[in-house]
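As the structure lists them, so they are numbered: ligands from 1, and atoms in each ligand from 1. Positions are given from 1 along the sequence.
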Amino acid sequence: MSDSKQSQSLKGSAERDLVALGIAIAAIILFVATGGAVLPKAINSIITGAAGPDTLLVNALLLNVVLVIFGWRRYRELKLEISDRREAENLARKLSETDPLTGCLNRRSMAKVTDEVRTRANARGLAVAYCLIDLDNFKQINDMHGHPVGDAALVELAKRINQVLPTGGTLARIGGDEFAFVTEFDPHQPERVDDLVIRLFEAMALPFDLDCVTVEATISIGVTSDQDTCQFDAKMSCPDALMHRADIAMYQAKNAGKNRYFWFEPSMESELRFRNKLEVGIRAGLHAGEFEPFYEQQVDLETGELVGFEMLARWHSPQMGLVSPEIFIPVAEEIGVISELSDQLIERALLDAHEWDDTLTLSINVSPVQLRDPWFAQKLLKLLVKHNFPARRLEVEVTESCLHDNIDMVRSIITSLRNQGVQVSLDDFGTGYSSLEQLRTLPFDRLKIDRSFVRELSSPSAKSTIVDAIVSLGRGLDLPMTAEGIEDEIILDQLKKLGKLKGQGFLYGQPESAMQVRERLSKLGQLATSATKQGDAQPDSRDQQAVSPPSRQAG
Ligand code: C2E
Ligand code: CA
Ligand code: CA
């Protein structure tokens, strides 16, 4: 019923109630008046046989009786109506304060409860801890098993948290899969809060049995207190500020790998600000073409001959200067722009590599996130066609971490690429957990020995058993190998003793821009013949191309 209709009907019924009340009162007064005149006469007539009361008066008395009965019934109805209305009001208030799915408080009422608990605790010299709990794999549960199972998981989570909460602790659902509660504690014993949080993790140990499916669930928790700032500050202890700080601490827990908890620390806030700056900067940098491919030489260790380049991303941020891919790639992955970023870089690299001698290869790194796209191979092959770049010159480097995600998808992507002539190598080999079975069954063309192992060869007496073992393994599997991180002649000499290998590292130079590579190749006489001609005629044209993003060139 609409609000205006509801208020009209309430007004109408209130008016009717007033009329009924007026009638009942008038009836009672009349009953007393007529009853006083009629009843003695009637009793007298029954006892002595004298003349009875006047018929008109008797009728009036009877009418009064009817009216009193009517008034009484209306009064009973009114009482019932009032109790119904009260119940409806209570229900409406409860609905507006609770989450219908889990029965917990909702976000709005949590603020009120937080304030109440804090005021009570502070009056007794106690502090409050605000805990924010987030289910780690909720999206995955929803995607894999459907929303009814996702809902059941939330209900089960709320149940398990409630079982651990101290008496009087009130749980609220403040977002999709986010729950919060506030509890008082002695500020000299914050470890009590740690104990409570640890019990929450223990409560998650058993898998959730939901609607014929069993799911493993983990949680991340952020904790803060109203007294973790040195001085008490009312603004810092208001419910919003507590929630904000618990949220930052929870974010830290997620970032550190999930399934853990953190107390809020002020430094987290500046980290988060930096992180936001990165996110905004990356998005803007994508539009402005601030990402640029650099190239690291790859060499045949036996002959010392340059055989190709590995493309490494660089970001020229107007605010932060030159930013390392180790900083911006993980953020680009998380905010969902890694494919766009990678495509931009690959297109520029394909244009650059066109200028090199046809025998030189181009290696590119792809992120595990890109390999979750079933169309990845098709999209990459389309780029090769667009830029008329021979597939045999391209090498795709996938890291071991890619193999944890969805091995079947990765296998089909690798197979599609290889069928078209693209080489696929396993990067950072030895740092992840690829099994021998995966190595045997995944059709890699090459293993790249991680630089952390190669570094161990840097003293003349050093002997890296790990490098030896990896090289023997590669030989056993008949896989060519590349050693990364060759920083000096000592490492190079040791590697040369291990047989035929490709290698790369600072010994051969730092990663260089397209222009520097072009100069290097020009000196070595390894530029494509057409590029030499073009370069001789227009020395600056290539540099122009290197700094503008391919999308603009295409457009
Ligand atoms: P990576 O694939 O292992 O690349 C080699 C890294 O080792 C590069 O760091 C390179 O500068 C560095 N390096 C090369 N030679 C030496 C050496 O002799 N000693 C030492 N200590 N380091 C050496 P960079 O450029 O900072 O790249 C870091 C990582 O970022 C790369 O590791 C790669 O995993 C990732 N990355 C770079 N570009 C891309 C990209 O376009 N897409 C993706 N998904 N990842 C990228
Ligand atoms: Ca690599
Ligand atoms: Ca590597």
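If you number the atoms of ligand 1 from 1 as listed, the ones under 4.0 Å from a heavy atom of E310 come out as 2 (O), 4 (O). Below 4.0 Å from some heavy atom of S367 lie the following atoms of ligand 1, by number and element: 44 (N). Of all atoms in ligand 1, numbered sequentially from 1 with element shown, those under 4.0 Å from a heavy atom of G505 are 15 (N), 18 (O). Proximity to P511 (heavy-atom distance under 4.0 Å) selects the following atoms of ligand 1: 11 (O). Close contacts between ligand 1 and E296 involve ligand atoms 10 (C), 11 (O), 13 (N), 14 (C), 15 (N) [criterion: under 4.0 Å to a heavy atom]. For ligand 1, the atoms sitting less than 4.0 Å from at least one non-hydrogen atom of E326 are 28 (C), numbered in the order shown with element in parentheses.
Closest approach of Q494 to S459, counting heavy atoms only: NE2-O, 3.3 Å. Of all non-hydrogen atoms in E397 and E310, the two that sit nearest each other are OE1-OE2, 3.1 Å. Nearest heavy atom pair, residue R160 against residue P207, reads NH2-O, 3.2 Å.
Using a 4.0 Å cut-off between charged side-chain N and carboxylate O, E302 and K502 make no salt bridge. Ion pairing between R392 and D358 holds under the 4.0 Å rule for side-chain N and carboxylate O. With respect to the salt-bridge test (charged N to carboxylate O, under 4.0 angstrom), the residues E269 and R273 do not qualify.
Applying the ring pair (Phe, Tyr, Trp, His ring centres under 6.0 Å) criterion to Y251, with sequence neighbours excluded, gives no partner residue. Looking at residues two or more places apart in sequence or on another chain, you find no ring pair (Phe, Tyr, Trp, His ring centres under 6.0 Å) involving F179.
On a distance-only criterion, L507 and ligand 1 share no N/O pair closer than 3.5 Å. At a 3.5 angstrom cut-off on N or O pairs, F506 counts as close to ligand 1. For a threshold of 3.5 Å applied to N or O pairs, the pair formed by Q370 and ligand 1 contains no separation below that value. For ligand 1, the polar-atom distance check finds no N/O of E397 at less than 3.5 Å from any of the ligand's N/O atoms.
Side-chain contact check for S220 and D136: at least one donor-acceptor pair (N or O, by modelled atom type) lies under 3.5 Å.
Of all the N, O or S atoms in E397, the one closest to the Ca ion (ligand 2) is OE1. When distances from the Ca ion (ligand 2) to the N, O or S atoms of E310 are compared, OE2 comes out shortest. Within D427, the N/O/S atom positioned nearest the Ca ion (ligand 2) carries the name OD2.
The closest approach between any non-hydrogen atom of S342 and ligand 1 is not below 4.0 Å. Using a 4.0 Å heavy-atom cutoff, R314 is listed among the residues neighbouring ligand 1. Residue contact check for ligand 1: E333 places no non-hydrogen atom closer than 4.0 Å to it.
Contacts between D428 and ligand 1 below 4.0 angstrom, taking non-hydrogen atoms only, involve the side chain exclusively. Contact annotation: for E484 versus ligand 1, heavy atoms closer than 4.0 Å belong to the side chain alone. Only the side chain of D427 comes within 4.0 Å of ligand 1, counting heavy atoms alone; its backbone N, CA, C and O stay farther away. Neither the backbone nor the side chain of Q504 comes within 4.0 Å of ligand 1, counting heavy atoms alone.
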L157 vs M204, side-chain contact (heavy atoms from CB on, under 4.5 Å): CA-CA, chis, key distance, verdict: CA-CA 8 Å; L157 173 64; M204 295 295 128; 3.2 Å; yes

Could you check F294 against V517 for side-chain contact (heavy atoms from CB on, under 4.5 Å), going step by step and ending with a plain yes or no? CA-CA 9 Å; F294 268 47; V517 167; over 6 Å; no

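For atom 33 (C) of ligand 1, the candidate residues are I329, N365, D488; the nearest heavy-atom contact is made by N365. Counting only non-hydrogen atoms, the option in P325, S452, P330 that gets closest to atom 37 (C) of ligand 1 is P325.
In this structure, Y295 and W356 have perpendicular ring planes: the angle between them is above 60°, well past the 30° mark.
Side chain of E484 to backbone of R451: a donor-acceptor contact under 3.5 angstrom is found.
Not one N/O/S atom of S363, from backbone or side chain, sits under 3.0 Å from the Ca ion (ligand 2).
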